[in-house]
*Asks:* 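Following this message is one structure expressed as structure tokens.
Worth saying up front: this structure is predicted, and the values here are computed from it rather than measured.
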Amino acid sequence: MAKGDDALARKRNRVRRKRLRSSENAVSARVAAIIASKRRRKSGKRRGCEGMCFSLPTPDDPFNERHGKKRKDEEPTDDTAAVVAKDDNPKKKDPNTKKHPPAKAGTKTKSKAIRERATETEEGRVDFDRPSKFLVVCLNAIRDAVAPEDGGGSIHGAGDWGVELWRCCSAPVPSDVLDTSGSCATVEQTAWLVSTACDIVARKERLGMVVSCPFLLYLVPSQEKAARVRSICKPLKPLGIHSVSLHPGASIEHQISGLKTCEPEFLIATPERLLELVSLKAIDISCVSMMVIDGLKYFLDLSVSDKIFSIRDAISSNLQITIFTDPSDQSVATMAKNLLRGRITKLSINDSVSSQSAFVTQHVHFCPSEELKTLKVKEILEQILQSRAKKSSKVLLVAANKKNAQHLSSSLKLGNCTVTDDSHGNSFTICSSVGLMNVHVKDRENMAMTDIEEFETVLVVDLPPSVDEYVEILTGFARQMIGGEVHSIFCNTDAPVAKPLAELLANCSQLTAAELVATTKERVRELAAEHDDGLFTGQVACVVQQYEYARMVQ
């Protein structure tokens with residue numbers, strides 16, 4: 001007799017649920033129990049022997065697919081035992097054979113689970129190579145709940161940024177994140193952030209670890225921002241993630257009574273109201289694992305930076321911090337350095353040069369001729385060494401070609417430095433009474449094979465013919481720190497790149513075009529007085545003429 005559509009649909013759903021439950025990305029028992037309870041209420045399934053009494057889910061059957069009935073035989077836990085049993089009884093079929101996935105899929109899943117357990121660290125964390133399906137479920141729940149005009153339709157469009165954030169937060173040793181995309185987080189960024197926190201909570205619970213509540217502390221500057229973040233977190237409640245918003249818009253008595261009846265995983269709060277509740281012992285934030293500061297510049301403008309540090313000091317656990325801020329103010333960089341005490345990763349959701357090179361200072365040094373560049377390099381290195389006297393610094397020198405790089409390495413041999421060769425170029429260490437400086441000399445051809453993220457200072461000895469190459473250096477280095485300096489030597493042969501360089505500096509808020517022109521004219525008068533050379537004065541005047549074009553940018 002042919003089966004109806006309802007029977008076929010039920011069979012497909014059973015197979016799909018079993019496949020999800022047996023995969024490495026299955027949700028925790030608590031989350032599965034909540035999902036099963038909701039589905040059971042909608043479907044009305046019950047035990048056949050107990051009338052209208054609904055059966056409860058168990059850890060062995062979280063989706064209540066057996067309706068309270070016990071299985072006749074247990075599944076073999078060993079892969080080899082399952083294969084032997086299948087070979088010994090080739091004709092005997094188990095009544096539940098159709099409901100299980102093939103043996104190969106089970107073997108692959110179990111072997112992968114064994115590999116994941118083998119990579120577990122001493123702290124109980126597991127090193128996963130990709131986001132889980134549960135993270136995608138959380139993103140889809142937020143996307144379906146948030147209106148498209150409010151940013152819900154473009155949540156998956158921020159996938160590249162979101163995966164980088166997930167890697168920073170889910171690593172065995174999480175790194176702090178500093179995002180310089182804008183003044184505060186967008187809807188897409190908030191969705192990826194809370195979904196990443198949900199994924200970490202689910203994986204900890206699946207490993208049998210105790211997750212402290214609240215797990216995520218999301219600091220916002222105003223009540224309106226708290227309401228927006230709360231609306232993004234609200235669709236996660238059916239998945240077992242409860243969030244609470246604390247702000248001055250509600251009475252403190254109401255919030256105290258509400259915190260007594262629930263233990264939220266996510267806490268969205270303004271600094272003032274949070275400290276009030278902590279002082280009244282209405283909530284404990286000492287075990288918070290993740291903290292988000294959304295709009296650091298707003299907190300500075302509201303003069304509540306001392307409250308941010310008080311909250312930071314009240315958390316005793318190993319805290320991972322994510323900061324969203326506008327990089328235009330230097331005071332923001334100072335506060336961010338004091339807040340982020342661990343390893344730092346800078347992220348940006350947009351590709352603008354000003355965001356990618358946030359907190360990087362650019363210096364342009366004028367040199368009259370190519371022959372005097374070596375003396376200028378020595379002068380700049382001495383300035384860098386004096387400014388970083390308390391620690392050793394790592395400097396990258398970029399030359400035009402391999403010949404110029406070798407010439408620089410041989411010319412910079414001083415009495416207080418030693419020179420050693422590496423595989424791609426030359427490197428040496430300058431030792432003095434004020435500190436150490438590790439200098440690496442590279443040519444532009446070998447820059448692609450150089451990891452420039454670890455350098456905190458770059459000296460471009462020979463400006464490239466295209467500003468795009470300069471931008472690659474500017475946006476690629478100092479990604480693991482707040483700050484960084486780029487020094488470039490501008491010679492009379494670099495006049496063709498004067499205008500685009502001036503535009504770049506103006507766009508990065510380093511120096512306006514008018515200031516560049518005024519600085520260049522003043523430098524021309526100084527150099528002309530020193531050299532008394534009319535030819536040289538005419539050459540530098542051409543540079544000034546190129547800089548005059550930069551006035552059009554203003």
*Asks:* Just so I know, are the side chains of T270 and Q223 near enough to count as touching, which here means a heavy-atom distance under 4.5 Å?
*Replies:* no
*Asks:* Show which side-chain atoms of residues 211-220 pair as donor or acceptor with protein atoms under 3.5 Å away, not counting sequence neighbours.
*Replies:*
| unit_1 | atom_1 | unit_2 | atom_2 | d |
| --- | --- | --- | --- | --- |
| S212 | OG | C287 | O | 2.7 |
| Y218 | OH | T190 | OG1 | 3.4 |
| Y218 | OH | D294 | OD2 | 2.9 |

*Asks:* Can you name the residues that form a ring pair (Phe, Tyr, Trp, His ring centres under 6.0 Å) with F477, not counting sequence neighbours?
*Replies:* none
*Asks:* Hey, is CD on E272 packed in by over 12 heavy atoms from elsewhere, all under 6.0 Å?
*Replies:* yes
*Asks:* Mind checking whether I285 and V278 have side chains closer than 4.5 Å, heavy atoms only?
*Replies:* yes
*Asks:* What verdict does the side chain to side chain contact (heavy atoms under 4.5 Å, CB included) test give for I200 and M290, after you've listed the backbone C-alpha separation in whole Å, the side-chain angles of each residue and the deciding distance to 0.1 Å?
*Replies:* CA-CA 10 Å; I200 296 174; M290 294 178 63; 4.0 Å; yes
*Asks:* Can you list everything that forms a salt bridge (charged side-chain N to carboxylate O under 4.0 Å, His left out) with R273? Sequence neighbours excluded, please.
*Replies:* E276
*Asks:* Just wondering, are more than 12 heavy atoms of other shown residues or ligands nearer than 6.0 Å to CG in D306?
*Replies:* yes
*Asks:* Partners of S352 by side chain to side chain contact (heavy atoms under 4.5 Å, CB included), sequence neighbours excluded?
*Replies:* N350, S354, S355
*Asks:* For side chain to side chain contact (heavy atoms under 4.5 Å, CB included), just list the numbers for W161 and Q189, CA-CA rounded to whole Å, side-chain angles, deciding distance to a tenth of an Å, and then say yes or no.
*Replies:* CA-CA 8 Å; W161 180 92; Q189 291 175 313; 3.7 Å; yes
*Asks:* My understanding is that only residues two or more places apart in sequence, or in another chain, count here; which of them pass side chain to side chain contact (heavy atoms under 4.5 Å, CB included) with S286?
*Replies:* D284, S316
*Asks:* Counting only pairs under 3.5 Å, give me each side-chain donor-acceptor contact of residues 240-253, with atom names and distances, residues two or more places apart or in other chains.
*Replies:*
| unit_1 | atom_1 | unit_2 | atom_2 | d |
| --- | --- | --- | --- | --- |
| S243 | OG | R230 | NH1 | 3.4 |
| H247 | ND1 | G249 | N | 3.0 |
| S251 | OG | H254 | N | 3.4 |

*Asks:* In this structure, are over 12 heavy atoms from other groups packed under 6.0 Å from D313 atom CG?
*Replies:* yes
